[in-house]
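Presented below is the structure to which this report refers.
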Amino acid sequence: MTTNDGKFREVSQQMALHGLQLEHLKMPYPELQTESLESTIIPGLLWLVSKFERPVMIDDSGLFVDALKGFPGVFSSHAFKTLGCEGMLCLLEGAEMRDARFECCIGYLAPGEDPFIAKGIAKGSISAEMRGRGGFGYDPIFVPEGRSKTYAEMEVDEKNEVSHRGIAIRKFVEEMPRLSEPGGQ
Ligand code: IMP
């Protein structure tokens, strides 16, 4: 579902709370660079199902910084590899407006079925400096709304309580037709 071990740890831990087990397919898939996470996911799901002929899940997420007009957004992965957290802090040097949000889309497709996507959004802000050693990606510079710790200062279950990914997974489990039917899975 993702080549990122951090994402898989968070998703599988939360899915396990609902009695669902995932297998980590570390297979990169062609990611179309589109204007939204949702429109990137469907071609990826179709590609993976046609290759593996089995149910697949994808996590596509990104950080959207208000003062940068939503950048890095759908370019979050590339911006992380090139600028990293340090570069993002430089872009915001001296900025008072540090509002940002993380978005996460969890997509699911089984052969012969329609795709299902659940989206989670976590509002927050970009910290003044990097804090914490946990997590991955932009975790050391993102403080979710109502908390003082960055994601990187939280344990996985604490991050899942408030994070974009945690919200998306809870929606996924509640709303996915097959899982929400009585006796479903
Ligand atoms: P993609 O979903 O693989 O396109 O990657 C999005 C990029 O956003 C990743 O490379 C991470 O750097 C970043 N990202 C996504 N989710 C998180 C998160 O929960 N914490 C920190 N960074 C994240």
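When a residue number appears, it is its place in the shown sequence, counting from 1.
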When rounded to the nearest 0.5 Å, the distance separating CG of Leu22 from CE of Met57 is 5.5 Å
Under 3.5 Å, side chain of Asn160 to main-chain N/O of Glu10, donor-acceptor pair present? yes
For Gly137 versus Cys85, what's the shortest heavy-atom pair and its separation? O-SG, 3.5 Å
Answer with yes or no whether the hydrophobic clustering places Ile117 together with Leu46; edges join I, L, V, M, F, W, Y residues whose side-chain heavy atoms lie under 4.5 Å apart. yes
Phe102-Val143 co-clustered via ILVMFWY side chain contacts under 4.5 Å: no
Could you pull out all residues at least two apart from Leu17 that satisfy side-chain contact (heavy atoms from CB on, under 4.5 Å)? none
Are Met130 and Leu83 linked, directly or through intermediate hydrophobic residues, by side-chain heavy-atom contacts shorter than 4.5 Å (ILVMFWY only)? yes
Filter on ring-ring contact (aromatic ring centres under 6.0 Å, His included), then keep only pairs touching residues 52-83, sequence neighbours left out; what's left? Phe80-Tyr138
Does Glu161 have any side-chain hydrogen bond (donor to acceptor under 3.5 Å, both in side chains) partners at least two apart in sequence or in another chain, and if so, which? none
Looking only at heavy atoms, the pair that brings Ile41 and Asp60 closest together is CG1-CB, 3.7 Å
Applying salt bridge (Lys or Arg N to Asp or Glu O under 4.0 Å) as the test, list every pair that has at least one member in residues 78-102; sequence neighbours left out. Arg101-Glu103
Return the set of residues passing side-chain contact (heavy atoms from CB on, under 4.5 Å) with Pro144 (not counting sequence neighbours), or none when no residue passes. Phe142, Arg147, Tyr151, Met154, Val162
Which pairs, with at least one residue in residues 122-142 and sequence neighbours excluded, count as a salt bridge (Lys or Arg N to Asp or Glu O under 4.0 Å)? Glu129-Arg131, Arg131-Glu153, Asp139-Lys159
Taken in chain and number order and not counting sequence neighbours, the residues that satisfy ring pair (Phe, Tyr, Trp, His ring centres under 6.0 Å) with Phe116 are Phe172
Identify the two heavy atoms, one from Pro115 and one from Leu45, that lie closest to each other, and give their separation to 0.1 Å. CB-CD1, 4.2 Å
If you round to the nearest 0.5 Å, how far is CE of Met15 from CD1 of Ile106? 6.5 Å
Establish whether Phe136 and Val156 are linked, either directly or via other cluster members, by ILVMFWY side-chain heavy-atom contacts under 4.5 Å. no
Which heavy atom in Thr150 sits nearest to a heavy atom in Pro140, and how many Å separate them? CG2-O, 3.4 Å
When every non-hydrogen atom of Cys105 is compared with those of Leu37, the smallest separation belongs to SG-CB, 3.9 Å
For residues 38-57, the side-chain hydrogen bond (donor to acceptor under 3.5 Å, both in side chains) pairs (sequence neighbours left out) are Glu23-Arg54, Thr34-Ser39, Thr34-Thr40, Ser36-Ser39, Glu38-Lys119
Let's go through Cys104 and Ile167 carefully: what are the C-alpha distance in whole Å and the side-chain angles of both, what is the deciding distance for side-chain contact (heavy atoms from CB on, under 4.5 Å) to 0.1 Å, and is it a yes or a no? CA-CA 8 Å; Cys104 170; Ile167 295 168; over 6 Å; no
Please name all residues satisfying side-chain contact (heavy atoms from CB on, under 4.5 Å) with Val65, sequence neighbours left out, ordered by chain then number. Leu63, Leu68, Pro72, Leu92, Ala100, Ile126
If hydrophobic clusters are built from ILVMFWY residues whose side chains come within less than 4.5 Å, do Tyr108 and Phe8 share one? yes
So, taking the atom named CE in Met88 and the one named OG in Ser76, what distance separates them when rounded to the nearest 0.5 Å? 7.0 Å
Look up atom CD1 in Ile121 and atom OG in Ser61, then write down how far apart they are to the nearest 0.5 Å. 12.5 Å
Sole residue of Val11, Val173, Ile169 in side chain to side chain contact (heavy atoms under 4.5 Å, CB included) with Leu20: Val173
Closest heavy-atom pair, Ala118 versus Ala168, reported as atoms and distance to 0.1 Å, is CB-O, 3.5 Å
With sequence neighbours left out, what residues match Pro111 under side-chain contact (heavy atoms from CB on, under 4.5 Å)? Val49, Pro55
